[in-house]
Amino acid sequence: MERRAFVSEKELEYQRECAERVRAVHAGETAWVDTYGCQQNEADSERMRGMLRDMGYILVSDEHADVVVINSCAVREHAEQRVFGNIGHMTHTKKENPNMKIILAGCMAGEETVREKVRRSYRHVDALLDTTSFWRLPETLLRLYEDGGRIIEDGEPDSRIAEELPVVRTSPYKAHVSIMYGCNNFCSYCIVPYVRGRERSRLPEDVIREVRELAESGCHDIMLLGQNVNSYSGGGKSFAELLAACAELEGDFVLRFMTSHPKDCSRELIDVIASHPKVERHIHLPVQSGSDEILRRMNRRYTAEHYISLIDYAREKIPGVIFTSDIIIGFPDESEEDFERTLDLVRRVRYDSLFTFIYSKRSGTPAAEMPDPVTHAEKVERFRRLNALQDSITLEDRAPLVGRTMRVHIDGESRTGELNLTARTQDGRLVSLKGSTELIGGWHTVKVTGVSTFSLSAELA
Ligand code: SF4
């Protein structure tokens with residue numbers, strides 16, 4: 001029954017045959033996957049890089065590559081404009097290399113308006129591949145090479161899952177593992193359900209196998225990904241059960257997950273976090289607003305009271321747990337009273353940090369049609385007040401960390417400042433410290449020397 005939601009082995013075998021045929025002629029040419037947007041797109045890009053590597057391409061970061069795949073984001077209109085700007089610029093690049101293939105992939109490729117615009121005005125784009133069909137990349141390239149022309153197909157998203165695609169991971173120590181795709185929630189401001197299709201979950205055995213292989217290969221930081229991980233339902237298992245099974249695997253790794261939806265975040269999940277030390281003591285729980293009226297118009301389907309009851313339950317069960325969240329300021333017709341309720345909720349929850357956004361209209365969503373008499377200047381002022389409040393909470397709550405020792409995973413080099421290494425605590429906070437680059441890739445104990453709203457500074461203990 002369940003397997004009907006999956007791309008068949010025969011279809012995947014056909015993709016491998018196409019890859020071989022592309023490889024026979026094009027091995028040694030260059031390919032670039034340019035990624036925009038969220039971690040889900042990062043994860044999809046890693047699979048596309050895997051397919052390109054198997055086709056013999058040399059992976060580069062250069063718009064002059066022989067194949068350029070733009071893995072786009074549709075969440076914000078100005079991000080779309082940026083992508084179109086970059087694609088427009090590539091007309092010159094393609095004139096220099098007429099054999100170059102340009103493929104627009106990702107969320108934008110699933111939008112009817114984008115398909116039309118590319119058909120009419122971006123004639124140098126060879127193909128579109130939406131998020132549900134990027135596993136057809138080998139077949140797409142083969143058709144472009146052998147048949148010529150362009151591939152811009154209309155129709156519904158595929159809504160099946162392709163397992164066992166090759167992958168080139170960005171880091172050996174950190175990995176994203178998609179556990180589900182799509183979204184059924186239709187928050188009134190969000191385009192995702194229209195471009196990524198309905199929710200579908202991978203089977204638990206497939207997810208667990210991938211996490212086990214990552215842990216065995218020495219990966220220390222594993223993020224389970226989905227648009228709404230709390231509604232995972234693969235093979236009859238809940239997300240809490242899947243998380244517990246992954247957290248019981250052997251290995252020295254921390255397990256993170258993103259994104260949670262407060263209407264589906266269960267007490268069972270909180271109990272699993274509490275009883276499994278490998279799961280990070282941090283919950284990113286996007287609240288979006290503290291006003292029930294705004295939450296209703298956002299179609300979020302929970303109340304501020306329900307949200308706070310989850311926070312209280314988690315604090316009771318998981319000592320030291322920290323919370324982060326997303327908040328949209330200036331949703332259509334947000335009153336000063338609505339905004340004050342958001343400030344009250346922030347004071348009550350005391351987040352470790354917040355991702356705050358001023359609402360921006362997304363065509364194709366119900367919220368884009370809602371009347372909005374609030375001026376931009378008022379929204380900017382509220383945005384400033386919210387961030388000032390959160391900054392003061394962050395600094396107050398982080399101050400007692402100075403002098404404490406903690407275990408961090410050093411995962412890279414910093415591009416700025418004299419603290420040359422970046423690390424993460426087990427609860428996901430960013431840390432800057434000074435040390436040899438040979439420490440990258442390992443767990444180390446550090447002593448916190450300072451805090452800011454952005455990160456902790458530390459020294460090796
Ligand atoms: S839960 Fe809401 S905001 Fe998140 S992807 Fe789904 S529709 Fe968009």
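Note that the numbering runs from 1 along the sequence shown for the chain. Just so you know, ligand 1 is whichever comes first in the structure, and atom 1 is the first atom listed for that ligand. As the structure is a prediction and not an experimental result, all values here were calculated from the model.
Heavy-atom proximity to His261, at under 4.0 Å, picks out these atoms of ligand 1: 1 (S).
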Practice item. For the pair Thr324 and Leu285, evaluate side chain to side chain contact (heavy atoms under 4.5 Å, CB included) and give the outcome as yes or no after the intermediate values. Key: CA-CA 6 Å; Thr324 54; Leu285 198 57; over 6 Å; no
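Residues Phe239 and Phe257 bring their aromatic ring centres within 6.0 Å. Centroid-to-centroid, the aromatic rings of Tyr359 and Tyr189 stay 6.0 Å apart or farther. A ring-centre distance under 6.0 Å is not found for Phe323 and His284.
Put simply, Cys183 stays out of reach of atom 8 (Fe) of ligand 1, with no N, O or S atom under 2.8 Å from it. With a cut-off of 2.8 Å, atom 2 (Fe) of ligand 1 has an N, O or S atom of Cys187 in range.
Closest to atom 1 (S) of ligand 1, if we only count protein heavy atoms, is Asn185 ND2, 3.4 Å. For atom 8 (Fe) of ligand 1, the nearest non-hydrogen atom of the protein is Cys190 SG, 2.3 Å.
Residue contacts with ligand 1, taken as heavy atom pairs separated by less than 4.0 Å, involve Tyr189 solely via side-chain atoms from C-beta onward. Counting heavy atoms closer than 4.0 Å to ligand 1, residue Asn228 contributes nothing at all.
Under the side-chain contact (heavy atoms from CB on, under 4.5 Å) rule, Leu225 has a single partner from His176, Arg256, Met180, Glu42, which is His176.
Checking Gln227, Met298, Arg196 against atom 5 (S) of ligand 1, the nearest heavy atom belongs to Gln227.
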